[in-house]
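Working notes for the structure below.
Chain letters run A, B, ... following the sequence lines, proteins first, then strands; residues in each count from 1.
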Amino acid sequence: MTFQAPKGTFDWIPPRSERVLAVRDALAAPLRRAGYGYVETPSFEDTELFKRGVGESTDVVSKEMYTFLDKGGRSITLRPEGTAPVVRAVLQHGLHNGQLPVKLWYSGSQYRYERAQKGRYRHFWQVGAEALGAEDPALDAELIVLAWQGYAALGLTGVRLLLNSLGDRQCRPVYRAALQEFLRGLDLDEPTRERIEINPLRVLDDKRSEVQEQLTGAPLVIDHLCGDCKAYHEEVRWLLTAAAVPYADDPRLVRGLDYYTRTTFEFVHDGLGSQSAVGGGGRYDGLSEVIGGPPLPSVGWALGVDRTILAMEAEGLLDDAADARLVDVYGVALGEEAKRRMFLLVTDLRQAGVGADMAYGSRGMKGAMKAADRSGARFALILGERDLAAEAVQVKDLTTAEQTEVPLTEVVTTLKGKLK
RNA sequence: GUGGGUGUAGCUCAGCUGGCAGAGCGCCAGGUUGUGGUCCUGGAUGUCGUGGGUUCAAGUCCCAUCACUCACCCCA
């Protein structure tokens with residue numbers, strides 16, 4: 001009997017798993033430099049938080065949540081997204097009672113019950129950022145710039161930024177009604193007709209060509225923005241241009257979650273199979289109130305870690321051989337006494353900050369050297385009876401095959417010097 | 001939830017109109033009893049996804065089932 005990872009999930013294993021850490025670090029670094037503090041929230045929350053925060057009309061809530069009753073009869077849901085939990089944490093701890101905006105970032109697992117395909121899994125990882133409690137286009141622009149810098153730091157060149165505004169509580173309802181009227185006149189299937197009444201903006205996102213063809217004359221949000229929203233949007237665009245972040249206006253860009261208002265954006269890439277977004281976000285001025293808090297206009301984004309790795313793979317940015325190289329030094333000991341001494345030597349090296357591994361088990365010289373080679377280490381340390389007698393170790397450069405004898409007492413400093 | 005494709009060694013896959021289970025890579029060992037990578041030789045590993053059916057005989061044909069995968073819907 002063997003087990004496998006649950007349907008729709010997968011494992012990160014070496015060497016590729018190194019990229020998970022690297023991507024998280026690269027995406028988080030710009031945030032830390034911009035004053036975002038780290039927040040970690042539970043992987044599960046009260047189901048009601050998502051129902052109200054994300055919106056009952058969304059697919060995420062209506063069919064993609066992992067929901068169960070705990071032993072106390074409480075309805076619990078594995079988080080399908082990170083924003084609502086962060087807002088909940090901010091409200092719970094009163095962070096918004098201090099200086100605003102509250103700037104936070106997070107990194108963690110998300111769960112959605114969906115049919116898996118390339119770039120879309122039931123368990124996935126995101127790095128997210130939220131700036132809460134301030135209505136300022138500079139904040140929207142700041143977040144977009146920080147995400148852009150994160151992608152750039154990873155070497156990605158194929159990420160494109162799509163930008164739109166969804167309006168606010170003044171202009172959005174007017175637009176919504178106009179769009180509904182237009183959509184009701186189209187020839188659409190039943191599920192789509194239902195969507196017109198529940199969440200009409202999402203119809204614009206339909207990928208089917210027979211639907212897209214009919215949408216050519218659809219009213220656009222951008223034409224219905226009120227004066228405030230228009231000015232806000234123009235300022236965001238101006239700041240992005242000034243910061244030299246290229247973007248494309250996409251008047252059809254909408255988002256799947258109900259809480260978005262005004263600024264909406266998506267980072268897209270062509271290497272994700274049928275998916276297109278590596279990251280996305282926007283402004284959510286009404287979310288706090290929806291879950292019982294005070295008005296707290298905010299903006300944020302979430303970037304998919306596994307999708308970012310897919311994008312990097314598509315651009316040929318992954319180097320498995322380099323990722324497999326974990327140590328710089330590899331010990332090869334011959335005989336029991338030498339092995340004991342090598343164990344201490346390797347421990348000393350690690351203590352001194354030098355990555356070191358050694359051959360375990362009962363491999364012969366040849367096998368141990370082979371292991372040294374496979375480890376990707378630059379140097380092999382060879383220690384046998386002769387060397388022990390001489391109180392020395394053979395240091396072999398595996399790239400040049402050059403070998404020198406170094407006194408045991410000097411090995412650590414010698415290697416530290418060579419690896420500088 | 002719906003549709004297509006694929007399940008054979010650790011990995012990538014071949015296996016024709018049914019007739020002894022295969023290759024490459026990887027792994028282990030030897031060639032070299034203290035030296036890796038290249039090279040040579042040898043070796044181990046399979047419930048051919050699972051269950052049933054047809055047949056003298058099934059990896060191969062039929063049915064069912066499960067898994068994986070890609071796509072739709074939707075989304076990071």
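Interface remark: the A/K396 side chain does form a donor-acceptor pair with the B/rG36 base, using a distance-only criterion of under 3.5 Å. With hydrogens and angles ignored, no donor-acceptor pair closer than 3.5 Å exists between the side chain of A/D373 and the base of B/rG37.
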What does the B/S/- profile of nucleotides 69-76 of chain B look like, 5' to 3', with a 4.0 Å heavy-atom cutoff to protein? -SBBBBBB
Along nucleotides 38-44 of chain B, 5' to 3', which nucleotides get a B, which get an S, and which get a -, given that the test is a protein heavy-atom distance under 4.0 Å? -------
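To the nearest angstrom, P of B/rG26 lies 18 Å from CD1 of A/I13. Summarising the geometry, the separation between CG on A/L381 and C1' on B/rU35 is reported as 13 Å, rounded to the nearest angstrom. In this structure, CZ of A/R386 is placed 11 Å from C1' of B/rU33, rounded to the nearest angstrom. Atom CG in A/L383 sits about 11 Å away from atom C1' in B/rG34, given to the nearest Å. One interatomic measurement links the two molecules: CZ of A/R363 to P of B/rG36, which rounds to 13 Å at whole-angstrom precision. Atom P of nucleotide B/rU35 and atom CG of A/D397 are separated by 18 Å, given to the nearest angstrom. The distance from atom NZ of A/K370 to atom P of B/rG31 is 13 Å, rounded to the nearest whole Å.
Taking atom P in both B/rC48 and B/rC11, one finds a spacing of 16 Å when rounded to whole Å. For the C1' atom pair drawn from B/rU12 and B/rG19, the interatomic distance equals 28 Å after rounding to whole Å. One P atom belongs to B/rU35, the other to B/rC16, and the distance between them is 47 Å to the nearest Å. For the C1' atoms, the distance from B/rG22 to B/rG30 is 25 Å, rounded to whole Å. The separation of B/rG3 from B/rA23, taken at their C1' atoms, amounts to 35 Å, rounded to a whole angstrom. Remark: the separation of the C1' atoms in B/rC72 and B/rU17 is 38 Å, to the nearest Å. Nucleotides B/rG46 and B/rC61 place their P atoms 25 Å apart, quoted to the nearest Å. B/rA21 sits 15 Å from B/rG49 when the P atoms are compared, rounded to a whole Å.
Remark: A/R122 is positioned above the aromatic ring of A/Y113, its terminal NZ or CZ atom under 6.0 angstrom from the ring centre and at most 45 degrees off the axis.
Formation of a donor-acceptor pair under 3.5 Å by the A/T308 side chain with backbone atoms of A/G304 is found in this model. In this structure, A/Y175 contributes its side chain and A/P219 its backbone to a donor-acceptor pair below 3.5 Å. Under the 3.5 Å distance criterion, the side-chain polar atoms of A/Q180 are matched with a main-chain donor or acceptor of A/I196. In this structure a side-chain-to-backbone donor-acceptor pair under 3.5 Å is present from A/E81 to A/T83. The backbone N or O of A/I76 sits less than 3.5 Å from a side-chain atom of A/T47, completing a donor-acceptor pair.
The side-chain contact (heavy atoms from CB on, under 4.5 Å) check on A/T413 picks up A/E410, with sequence neighbours excluded. Taking the ring-ring contact (aromatic ring centres under 6.0 Å, His included) definition, one finds that A/F68 meets it with nothing, sequence neighbours left out. Checked against side-chain contact (heavy atoms from CB on, under 4.5 Å), A/A311 has the following partners two or more places apart in sequence or in another chain: A/L156, A/H269, A/L272, A/V278. With sequence neighbours left out, the side-chain contact (heavy atoms from CB on, under 4.5 Å) criterion links A/D46 to A/E48.
Contact annotation for A/Q394: base contact, defined as any heavy-atom pair under 4.0 Å involving a base atom. Nucleic acid contact for A/Q110: none, since no nucleic acid atom lies under 4.0 Å from a heavy atom of the residue. As judged by a 4.0 angstrom heavy-atom cut-off over every strand, A/A368 is placed among residues making no nucleic acid contact.
For A/Q4 and A/E402, each mapped to the nucleotide of RNA chain B holding its nearest heavy atom, the one lying further toward the 5' end belongs to A/E402.
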Table please: side-chain donor-acceptor pairs of residues 319-326 of chain A below 3.5 Å, with sequence neighbours left out.
unit_1, atom_1, unit_2, atom_2, d
A/D319, OD1, A/A321, N, 3.2
A/D319, OD1, A/A322, N, 3.1
A/D320, OD1, A/R16, NE, 3.2
A/D320, OD1, A/R16, NH2, 3.4
A/D320, OD2, A/R16, NH2, 3.3
A/D323, OD1, A/R19, NE, 3.4
A/D323, OD2, A/R19, NE, 2.8

Donor-acceptor pairs are to be reported for all side-chain atoms of residues 343-358 of chain A against protein atoms at under 3.5 Å, with residues two or more places apart or in another chain.
unit_1, atom_1, unit_2, atom_2, d
A/T347, OG1, A/F343, O, 2.8
A/R350, NE, A/A356, O, 2.9
A/R350, NH2, A/A356, O, 3.0

Output side-chain donor-acceptor pairs under 3.5 Å for residues 392-404 of chain A, partner residues at least two apart or in another chain, one line each.
unit_1, atom_1, unit_2, atom_2, d
A/Q394, OE1, A/Q403, NE2, 3.3
A/Q394, NE2, A/D387, OD1, 2.7
A/Q394, NE2, A/E405, OE1, 3.0
A/D397, OD1, A/T399, N, 2.8
A/D397, OD1, A/T399, OG1, 2.5
A/D397, OD1, A/T400, N, 3.4
A/D397, OD2, A/R378, NH2, 3.3
A/T400, OG1, A/E402, N, 3.2

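The ring pair (Phe, Tyr, Trp, His ring centres under 6.0 Å) contacts involving residues 15-39 of chain A comprise A/Y38-A/W105, where partners must be two or more places apart or lie in separate chains.
A perpendicular orientation is assigned to the rings of A/F10 and A/W125, their planes being inclined by more than 60° (bins at 30° and 60°).
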Represent RNA chain B in dot-bracket notation, 5' to 3'. Only Watson-Crick or G-U wobble pairs with both distances under 3.5 Å count; pseudoknot-style crossings use [ ] and interstrand partners use |. (((((((..((((.....[..)))).(((((.......))))).....(((((..]....))))))))))))....
Is there any protein nitrogen or oxygen under 3.5 Å from a nitrogen or oxygen in nucleotides 5-10 of chain B, and what are the pairs?
none

